[in-house]
Structure formats: C-alpha cells, structure tokens
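The residues of the chain are indexed from 1 along the displayed sequence.
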Amino acid sequence: GFMDEKMKIAFKKSLNKFNFSSTMSVAIDSNVNIKTILSTHAYLYDEKIECGNGKAIMTGRIGLKVLYVDTDGISNTITDSQAVSENIIDSALTTDSFVAVSNKTIVSNVISSDGVLKVNCDVSLIPVLFLNIPISNNYEQDENTICKKSELTTSVISANINSNFKHITTFETKDKISKILCYNSYFSISNYAAKDNSIYVQGKLFSSVLYETDDNGEIRKKELIDTFNVATEIDVTNISSECELELYFDIDKNSENISTEIEDDNSIITIQNQINVCGVAVKNINIEVVDDMFSTKNELEIATSEREFLTLKKCEFVSSKIYGETNLNDDEPAIEELISNLNISPEITNAYIKNGTLQVEGIISSHLVYIDENKSCQHKHIEVPFIVDTKIQTENSNFCNENLNILDCKIKIKRGTIIEGENAVEMCRNSCNKDQRMMINNVTKSKEINF
C-alpha cells in the first residue's frame with residue numbers, strides 16, 4: 001500500500017465533568033488552640049492518569065493549607081496532604097488514549113476544628129481525552145487496475161507533552177514582614193507556539209500575598225501582575241513549527257518556594273512558581289484515499305468502512321468587562337472591610353447559540369477573607385455568576401471543547417451585603433465540522449476473467 005500502516009487520526013473529546021469529595025483529618029498539636037480560621041486552600045497535584053478498557057484511573061494528592069488565629073491572637077498556618085485515587089468511566093477510553101485534566105476547582109470547607117481539624121474538599125475537574133484512531137487503506141495494484149484517488153486532510157498526534165517551567169516573582173514593600181500567611185496565583189496565557197523542538201510560552205502571572213507585619217501584627221495584602229516579556233522555552237522532542245498545540249497550564253502550588261529578606265528598610269518577597277504544561281502536539285497531514293477502483297482483468301473484492309473525521313476550527317474571544325453579583329445570607333453580618341480574595345477560578349456552566357452567536361454562562365469562584373460589622377474576621381466561599389455574548393459566529397459547527405482564563409478580577413462590596421465582581425475573561429473554543437468518508441480497508445484479487 002501507499003500509506004503507512006501506523007497512521008493514526010487524532011480525535012479530541014471533553015468527557016463529562018468529574019466530581020469527588022475527600023475529607024482530610026489533620027492532627028493538631030496539643031498546645032495549639034484555634035480561635036478563628038481565616039482561610040483554607042486546597043489544591044490537586046502530582047496527577048497521573050492511566051487508561052484502558054473503558055476506564056481511566058486518576059491518582060494524585062490533595063494539598064491543604066489552613067490559615068488560623070489562635071486564642072493568643074497569633075496567626076499561623078497548618079499544612080497537610082492526602083493521596084487520592086478515582087476512576088473515570090467512558091467507553092472511549094483505551095490504552096491508546098491520552099487524558100489531560102482541565103478546569104480544576106476545589107472548594108474546601110472546615111467541618112470541625114475541635115481537637116482534630118477536619119476539612120472537606122469537593123474536587124471538580126474536566127478530563128479531556130485525546131484518542132489515536134488507527135486507519136488503514138490498503139490495496140494491491142497492477143497496470144490493469146485503475147484507481148480514482150482524492151486527498152483527505154487529517155491530524156496526527158506527533159507528541160504527548162508533559163513538562164514544566166519555573167518563574168520567579170518578586171514583591172517589594174515598605175512593611176517589615178514577620179510571616180507570610182497565604183500566597184495565591186493564577187496564570188493567563190497570551191500566546192504559545194511550537195518551534196525547533198521547543199515550545200515558547202508568553203503570558204501573565206497574577207499573584208497576591210497575605211502577610212503579617214512585624215511592628216503591630218496587622219494582616220495586609222500585596223498584589224502583583226507579572227508579565228512574561230520574554231518567551232519561556234520548554235524543550236520537547238518531536239515538536240515542529242507545523243504542529244498545532246493543545247496545551248493546559250496550571251501552577252503547582254505544592255512546590256512554591258517563598259523567601260523574604262530586608263533590604264534598605266524594605267521587605268523583599270521572592271516566590272518561585274512551577275508552572276506545569278500538559279497536552280499534545282497535533283500535525284496536519286494529507287492522506288490519499290481510494291474512492292473507487294476497477295480492473296479490466298481481475299475481479300476485485302473490496303472491504304470498506306465508514307469513518308468520521310473532524311475538521312477543527314479555533315475561535316478566540318477576550319472580553320472587556322463582565323459583571324456579576326451575589327448576596328450574603330440574611331443571617332450574616334455586613335462586610336466592613338475586604339482583606340483578601342483568594343483561589344480565583346472560572347468555570348463555564350452553559351453555552352448556547354442565540355441569534356447566530358455564542359452565549360456563555362459561567363461562575364467565578366473565590367475565597368473571601370473580610371472583617372464584618374462586628375469587627376470579627378470571617379472567611380466565605382463565594383460564587384459570582386456571569387453571562388457574556390462572545391459575538392463568535394457558530395453556524396454549522398459542533399463544539400469540541402473550551403478553555404477559559406481570567407485576565408483580570410476585581411471584587412467590590414456594595415452596601416455591605418452585595419458582593420459585586422467585575423471580570424475580564426479570555427476564552428478559546430474549538431469548533432469542528434464533521435466529514436464522513438468511505439475508506440477502503442482491504443482489496444483482494446479473485447480468479448482471472450476469461451474473455
């Protein structure tokens with residue numbers, strides 16, 4: 001045959017949202033007496049996914065940070081971690097599959113802090129399946145066989161990408177810092193490309209640090225937007241400039257490295273983030289397809305099958321401003337002063353077509369730390385819903401997947417009980433057109449015809 005037997009078509013599919021809960025029990029030293037828990041932050045790391053026979057097993061660890069104030073008025077942090085193992089069920093999962101995890105969100109709630117600290121972690125994520133579908137198109141040919149051929153453009157996964165790179169963020173403040181309480185960050189990609197066996201990444205790192213001052217023990221927050229002016233290079237073999245990249249990025253909060261030093265009466269905070277990259281490199285190729293053939297000398301037996309191919313089309317959207325709001329419960333005292341807004345994560349809840357354009361509904365989740373009207377420090381998980389008209393034309397397309405990044409997030413308090421969010425969102429959706437072709441799987445000659 002004229003085609004490589006090992007040729008495989010790359011097919012991408014977002015699986016159903018995957019949820020599971022895990023309760024972590026953290027032993028507290030006998031000399032620690034918790035008065036108020038300011039915030040909890042849980043994160044998933046070291047994920048590994050093995051596929052086969054309609055099931056994937058995801059293993060990893062949940063990390064936990066709890067910021068609290070004890071009965072002596074001193075703030076401190078408890079850290080712990082726990083191994084998790086969960087099953088993902090889908091008929092498309094085979095040993096040829098590669099699965100990445102996107103849209104990871106974890107909501108953590110304290111169940112009990114009396115004696116043993118118990119924290120419930122609700123994990124939500126979307127597995128994305130990359131499937132290699134083998135195709136064959138073999139036939140025998142001699143000078144009496146006439147074939148009609150056409151070309152089919154399809155995609156082949158040339159490399160699975162599982163890499164990481166480090167980025168250092170530096171804060172400077174005139175406060176003398178006694179302790180770093182909480183660090184929060186998220187990463188927004190502006191551009192990435194394949195070139196010379198490498199991936200170049202550009203983006204912005206949004207960081208916030210919650211710290212305690214040395215002089216009067218005040219809790220303060222410092223924010224920084226750190227732009228990658230120079231592209232970050234990731235060395236990956238089998239990557240060429242013709243490859244399209246399907247990548248996911250997340251910050252490994254478990255590997256953060258924070259140091260503080262005093263220089264010229266200023267406190268300098270240095271944080272080293274590890275940003276993980278996973279996904280695939282997809283290369284477009286042309287395959288010759290035999291649509292029809294006949295012979296003047298031999299009878300031919302032809303075995304065919306119908307295959308479905310997807311032509312991908314990307315569309316991107318960056319919003320200017322999106323507004324949404326949520327209310328405190330009636331029994332909660334009004335907010336007087338906002339201290340921090342942590343663990344910001346977006347999620348698309350619904351997408352539909354209206355007047356030919358794509359409408360997207362979503363929720364931006366975060367963790368609020370604030371002082372209420374009774375001068376008490378409170379923490380609350382909030383969800384601010386939003387709706388956006390993307391102006392993306394979507395006629396005659398089927399949606400494959402979506403990636404959502406927050407570019408900017410502002411929270412303000414309206415009349416003490418209404419929390420108003422203003423967000424800028426960057427979204428990339430892949431749509432696809434389906435093309436069904438009849439492929440010839442096998443051709444054999446039978447007896448010679450006598451004229």
Show the numbers, then the answer: is there a side-chain contact (heavy atoms from CB on, under 4.5 Å) between Val277 and Val201?
CA-CA 10 Å; Val277 187; Val201 181; 5.5 Å; no
Side-chain donor-acceptor contacts of residues 86-93 below 3.5 Å, not counting sequence neighbours, with atom names and distances?
from, atom 1, to, atom 2, distance (Å)
Asp90, OD1, Lys13, NZ, 3.3
Asp90, OD1, Ala92, N, 2.9

Checking side-chain contact (heavy atoms from CB on, under 4.5 Å) for the pair Asp70/Asn76: CA distance, chi angles, key distance, verdict?
CA-CA 8 Å; Asp70 65 19; Asn76 215 328; over 6 Å; no
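- In this structure, Asn53 places its CG atom where only 12 or fewer heavy-atom neighbours from other residues, nucleotides or ligands lie under 6.0 Å away.
- Checked for salt-bridge contact, Lys375 and Glu336 meet the test: a charged N lies under 4.0 Å from a carboxylate O.
- Residue Glu50 places its CD atom among 12 or fewer non-hydrogen atoms of other residues, nucleotides or ligands, all under 6.0 Å distant.
- For Asn374, the CG atom is densely surrounded, since the number of other residues' heavy atoms within 6.0 Å is greater than 12.
- With contacts defined as side-chain heavy-atom distances shorter than 4.5 Å, the pair Ile199/Leu247 qualifies.
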Run the side chain to side chain donor-acceptor pair (under 3.5 Å) check on Glu261 and Ser259 step by step: do they pass?
CA-CA 7 Å; Glu261 58 180 320; Ser259 62; 6.0 Å; no
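- Val26 has its side chain out of reach of Val66: every pair of non-hydrogen atoms, C-beta onward, lies at least 4.5 Å apart.
- Considering only heavy atoms from C-beta on, Gln82 stays 4.5 Å or farther from Thr23 through its side chain.
- Note: Met24 CE to Ser108 OG = 10.0 Å, rounded to the nearest 0.5 Å.
- For Ile363 against Phe386, the heavy-atom pair with the smallest separation is N-CE2, 3.7 Å.
- Open room surrounds NZ on Lys118; 12 or fewer heavy atoms of other groups in view lie less than 6.0 Å from it.
- Looking only at side-chain heavy atoms (C-beta outward), His381 and Ser365 come within less than 4.5 Å of each other.
- At a threshold of 4.5 Å between non-hydrogen side-chain atoms, the residues Val84 and Leu44 count as touching.
- Contact check for Tyr211 versus Thr260: no side-chain heavy atoms found under the 4.5 Å cut-off.
- Enclosure of atom NZ in Lys283 is not indicated, since only 12 or fewer non-hydrogen atoms of other residues, nucleotides or ligands lie within 6.0 angstrom.
- A heavy-atom distance below 4.5 Å is not found between the side chains of Ile106 and Asp122.
- Summarising the geometry, atom CZ belonging to Phe18 is positioned 12.5 Å from atom CD1 belonging to Ile126; distances are rounded to the nearest 0.5 Å.
- We find the CG-CG distance between Leu64 and Leu117 to be 7.0 Å, quoted to the nearest 0.5 Å.
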Glu246 vs Val128, side-chain contact (heavy atoms from CB on, under 4.5 Å): CA-CA, chis, key distance, verdict:
CA-CA 11 Å; Glu246 291 284 351; Val128 181; over 6 Å; no
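- The NZ atom of Lys222 lies 5.0 Å from the OG1 atom of Thr173; values are rounded to the nearest 0.5 Å.
- Partner of Tyr192 under the ring-ring contact (aromatic ring centres under 6.0 Å, His included) criterion, chosen from Phe249, Tyr200, Phe165: Phe249.
- Atom NZ in Lys412 sits 10.0 Å away from atom CD in Glu325 (nearest 0.5 Å).
- For the pair Thr326 and Glu383, the tightest heavy-atom approach, listed with the atom from each and the gap, is CB-O, 3.7 Å.
- The two residues Ile78 and Tyr68 come nearest to each other via the heavy atoms CG1-CE2, 3.4 Å.
- Atom CZ of Arg61 is separated from atom OH of Tyr45 by 5.0 Å, given to the nearest 0.5 angstrom.
- Between the side chain of Thr36 and the backbone N or O of Val69, no donor-acceptor pair lies under 3.5 Å.
- Around atom CG of Asp331, more than 12 heavy atoms belonging to other residues, nucleotides or ligands sit under 6.0 Å away.
- Between the side chains of Gln274 and Asn276, at least one donor N or O sits under 3.5 Å from an acceptor N or O.
- When side chains are defined from C-beta on, Asn329 counts as touching Lys380, because their heavy atoms get closer than 4.5 Å.
- The heavy-atom pair separating Leu245 from Ala194 by the smallest distance is CD1-N, 3.8 Å.
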Is there a side-chain contact (heavy atoms from CB on, under 4.5 Å) between Ser22 and Val123 once you walk through the steps?
CA-CA 8 Å; Ser22 182; Val123 184; 5.7 Å; no
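- In summary, of the residues considered (Thr417, Ile371, Leu328), a side chain to side chain contact (heavy atoms under 4.5 Å, CB included) with Ile335 occurs for Leu328 alone.
- Looking at every heavy atom in both residues, Phe171 comes nearest to Ile271 through CE1-CD1, 3.6 Å.
- For Lys176 against Ser267, the heavy-atom pair with the smallest separation is CA-OG, 3.4 Å.
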